[in-house]
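Just follow the structure's listing: the first ligand is 1, and inside any ligand the first atom is 1.
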Amino acid sequence: MDAAQKYLGENSMAGITFGLLFQLKALVTNGWSTFALINKLRKLSSSMTDFRRKELQKYPVVGSQLSFLDAMISRGDLFHPSIMSKELLVFALAATDTTGNALAFTFTLLGMHPEIQEKVYEEVITEIGRDTPIEIDHLPKLKYTERVISESMRILPPVNMVARYINKDIQIGDKTFPKGANVLIYTLALHRNSKYWPNPEKFDPDRFLPEEIAKRPSSCYIPFSWGPRNCIGKVYAMMSMKVVVANVIRNFRVSSKYRSIDDMEMRCFITMRTINDIDCHFSPRN
Ligand code: HEM
């Protein structure tokens, strides 16, 4: 059976429905604590916006390269303070949960594949060294490390689905997706489709060698989604993850008790994580 189908069960809609019901149950069970946490986050983002507004009054920033928050504050005529803090929250959550999960998965996969971890270590030591602070110019040299992160986001995409509203009828094969429908694009299934990814459950960073990338349609790999509304932070995300992976792997050995991704019990709903604590251990290198 195709790996994606195996993951979803025979019927992908049944898989998605099950996921939604699971989340609904979690929301009902943890409703109050979720509500309290959301309130805390709202307060945090509005206090950050207020703080920055006062700072800007004291020390105005000049020039066109304003940060996202400064740009919103400078156009107070367009952004109501409550909208500003909501936008800030979207940014903070979209940036942290995703990157955190991607890193947790990457380290766990490296723990499961010591030979691949050793190659990352060798690349980091050769290109940067053990103690040199990592600078932006080092990052393009970490080609193998980048392949590892890309492959990790293929096999375990931190955002496992994206949603779209259809604004005109779309014909795909013998199926019509009608205008007005909402659809979920299941990234996890796409990333494990054996038509594009032979032996899809194998963790193989060399799938991202330039000659391998050229063999498949680019849209079959969408960890940051696709099209005009894709992830706005994708370049920064790759840079920050390369810095973290390089810095951790040159200082620590990572291990995991999992032998394959099937040992990781996942829960999937927009973002993906393990149901229980992830098994990933770090021990200092001598
Ligand atoms: C591994 C890290 C990340 C992954 C896998 C990821 C993935 C995604 C995906 C799949 C979307 C949905 C886009 C769509 O609906 O088509 C998204 C949206 C978004 N991401 Fe990321 N992201 C990551 C890191 C970041 C970072 C670091 C930032 C900010 C610095 C960021 C900011 C955003 C924002 C603001 C949106 C909403 C865009 C919009 O629809 O207006 N993301 N991301």
Side-chain angles (χ1 to χ4, degrees), residues 16 19 41-42 44-45 48-49 52 65-73 75 78-79 83-110 120 134 136 139 142 145-167 170 177 181-192 203 205 207-208 218-249 261 264 266-274 278 280:
I16 291 170
L41 282 171
R42 283 203 181 121
L44 177 71
S45 75
M48 284 163 74
T49 319
R52 188 63 193 155
Q65 294 284 312
L66 295 179
S67 74
F68 174 62
L69 181 56
D70 291 0
M72 281 195 296
I73 292 172
R75 293 303 312 265
L78 291 180
F79 296 96
I83 300 287
M84 272 185 227
S85 62
K86 274 187 195 144
E87 290 294 332
L88 190 63
L89 204 53
V90 167
F91 241 81
L93 297 181
T96 48
D97 198 31
T98 48
T99 311
N101 285 349
L103 285 168
F105 295 151
T106 303
F107 286 127
T108 307
L109 288 161
L110 287 174
V120 173
I134 302 177
I136 197 161
L139 300 183
L142 299 179
T145 308
E146 182 167 325
R147 294 211 289 278
V148 164
I149 298 169
S150 299
E151 172 67 346
S152 154
M153 288 195 295
R154 177 194 68 82
I155 206 164
L156 294 170
V159 182
N160 64 300
M161 60 178 88
V162 285
R164 286 293 181 271
Y165 169 79
I166 300 188
N167 61 5
I170 298 175
F177 292 81
N182 292 302
V183 294
L184 289 176
I185 296 139
Y186 204 28
T187 308
L188 179 69
L190 180 62
H191 284 189
R192 295 196 192 176
F203 181 62
R207 294 181 202 269
F208 288 88
S218 46
S219 53
C220 65
Y221 180 66
I222 55 165
F224 296 106
S225 186
W226 196 253
R229 200 67 192 260
N230 71 1
C231 174
I232 201 168
K234 63 183 183 172
V235 175
Y236 172 76
M238 280 310 288
M239 288 166 72
S240 71
M241 288 191 290
K242 279 165 92 172
V243 172
V244 176
V245 171
N247 227 344
V248 169
I249 293 299
I261 48 168
M264 302 169 79
M266 310 301 285
R267 71 118 180 94
C268 299
F269 184 70
I270 312 291
T271 59
M272 188 163 81
R273 55 178 63 206
T274 47
I278 201 162
C280 185

Tabulation required: pairs of a nitrogen or oxygen in ligand 1 and a protein nitrogen or oxygen under 3.5 Å; columns are atom names and distance to 0.1 Å; otherwise 'none'.
{"unit_1": "ligand 1", "atom_1": "15 (O)", "unit_2": "Arg164", "atom_2": "NH1", "d": "3.0"}
{"unit_1": "ligand 1", "atom_1": "16 (O)", "unit_2": "Arg164", "atom_2": "NH1", "d": "3.2"}
{"unit_1": "ligand 1", "atom_1": "16 (O)", "unit_2": "Arg164", "atom_2": "NH2", "d": "2.4"}
{"unit_1": "ligand 1", "atom_1": "16 (O)", "unit_2": "Ser225", "atom_2": "OG", "d": "2.4"}
{"unit_1": "ligand 1", "atom_1": "16 (O)", "unit_2": "Arg229", "atom_2": "O", "d": "3.1"}
{"unit_1": "ligand 1", "atom_1": "40 (O)", "unit_2": "Arg229", "atom_2": "NE", "d": "2.9"}
{"unit_1": "ligand 1", "atom_1": "40 (O)", "unit_2": "Arg229", "atom_2": "NH2", "d": "3.4"}
{"unit_1": "ligand 1", "atom_1": "41 (O)", "unit_2": "Arg229", "atom_2": "NE", "d": "3.1"}
{"unit_1": "ligand 1", "atom_1": "41 (O)", "unit_2": "Arg229", "atom_2": "NH2", "d": "2.9"}
{"unit_1": "ligand 1", "atom_1": "42 (N)", "unit_2": "Ala94", "atom_2": "O", "d": "3.4"}

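Ile278 is listed as a side-chain neighbour of Met264, based on a closest heavy-atom distance under 4.5 Å. Side chains of Ile232 and Phe91 form a contact here, defined as non-hydrogen atoms less than 4.5 Å apart.
In this structure, CG on Leu156 lies 8.5 Å from OG1 on Thr106, to the nearest 0.5 angstrom. Taken to the nearest 0.5 Å, the OG1 atom of Thr145 stands 9.5 Å off from the CG atom of Leu139.
At distances below 3.5 Å, at least one donor-acceptor pair connects side-chain atoms of His191 with backbone N or O atoms of Ile222.
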| field | Worked check of side chain to side chain contact (heavy atoms under 4.5 Å, CB included) between Arg273 and Asp97 | value | CA-CA 10 Å; Arg273 55 178 63 206; Asp97 198 31; 2.6 Å; yes
